[in-house]
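First the structure, in the form of structure tokens, and then the observations on it.
First the proteins, then the strands, lettered A, B, ... as listed; each starts at 1. Treat the numbers as computed from the prediction; the structure is a model and nothing was measured.
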Amino acid sequence: MLELRLVQGSLLKKVLESIKDLVNDANFDFSSSGFSLQSMDSSHVALVALLLKSEGFEHYRCDRNTSMGMNLGNMSKMLKCAGNDDIITIKGDDGSDTVTFMFESPTQDKIADFEMKLMDIDSEHLGIPEAEYHAIVKMPSAEFARICKDLASIGDTVVISVTKEGVKFSTRGDIGTANIVLRQNTTVDKPEDATVIEMNEPVSMTFALRYMNSFTKATPLSNTVTISMSPDLPVVVEYKIAEMGYVRFYLAPKMEE
Amino acid sequence: VNPQRQITAFFSTT
């Protein structure tokens, strides 16, 4: 028996919107402490890891660990039928080949249930070791999205370099080059507007902008994004989900020329 | 063009 009631149902809608274009199908792993998902994109270049802890739910019941394979496109279609203010409940029964999403309007005058077919997904689970990163940049998520979008109109790859001067995003393409430098800026009215650079050692790595732009679909989940880099490790682009968990995107670097 | 590496080159299957 599985029953998860999320008062802020829009969070789940936003989570799906942030990952559905990157990953087609994924296993949702439910346990008593929350649910998680880990999946690579079809070309095995990026990996998404999602965690939503049970504390974030108004009601959370998971009698035993269970894994449900879902097509994220289909799940997104169903969740789009929930209003932004709706309470969303996920329900499942042991051994069932379906999952039910229940949507309740805030005033309880409209209740809908959508039953979705589950699927068997044969997916690899990767071990992600704890790492000490050379540099961790925390910045406004909207600014990061803007930079990725702007650079993608010039080139296909971005070089992200962190030095004590700041963080530099560079690209080059047929029409020319672009460099955007952000300096550490903590003298802002709101903490979420700050750019904070923690650097142990300078680092410079190259990534495909197509993936970075896909990650920025998680921007509505969080005002800030954290970018963690070490040479010869995938970059981690993390969007924290308030009080509940995170969506993390891992992207393998390009080889340096 | 910089060749793209894969995630599986960094993280192993559990």
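Summarising the geometry, atom CG belonging to A:Leu47 is positioned 12.0 Å from atom CD belonging to B:Gln6; distances are rounded to the nearest 0.5 Å. Atom-to-atom distance recorded for B:Ile7:CD1 and A:His44:NE2 is 10.5 Å, nearest 0.5 angstrom. The distance from atom OH of A:Tyr211 to atom CD of B:Gln4, rounded to the nearest 0.5 Å, is 6.5 Å.
Of the two parts of A:Asp156, neither the backbone nor the side chain holds a non-hydrogen atom closer than 4.5 Å to a non-hydrogen atom of chain B. Residue contact with chain A, scored on non-hydrogen atoms closer than 4.5 Å, involves the backbone of B:Ser12 exclusively.
Within the 3.5 Å criterion, the main-chain N or O of A:Met255 finds a donor-acceptor partner in the side chain of B:Asn2.
For the pair B:Thr14/A:Leu126, no side-chain contact is recorded, criterion being any heavy-atom separation below 4.5 Å from C-beta on. With a 4.5 Å cut-off on side-chain heavy atoms, B:Arg5 and A:Leu251 do not count as touching. Side chains of B:Phe10 and A:Ile128 form no contact here, defined as non-hydrogen atoms less than 4.5 Å apart.
At a heavy-atom cut-off of under 4.5 Å, chain B is reached by no residue from residues 139-154 of chain A.
Less than 6.0 angstrom separates the ring centroid of A:Tyr250 from the ring centroid of B:Phe11.
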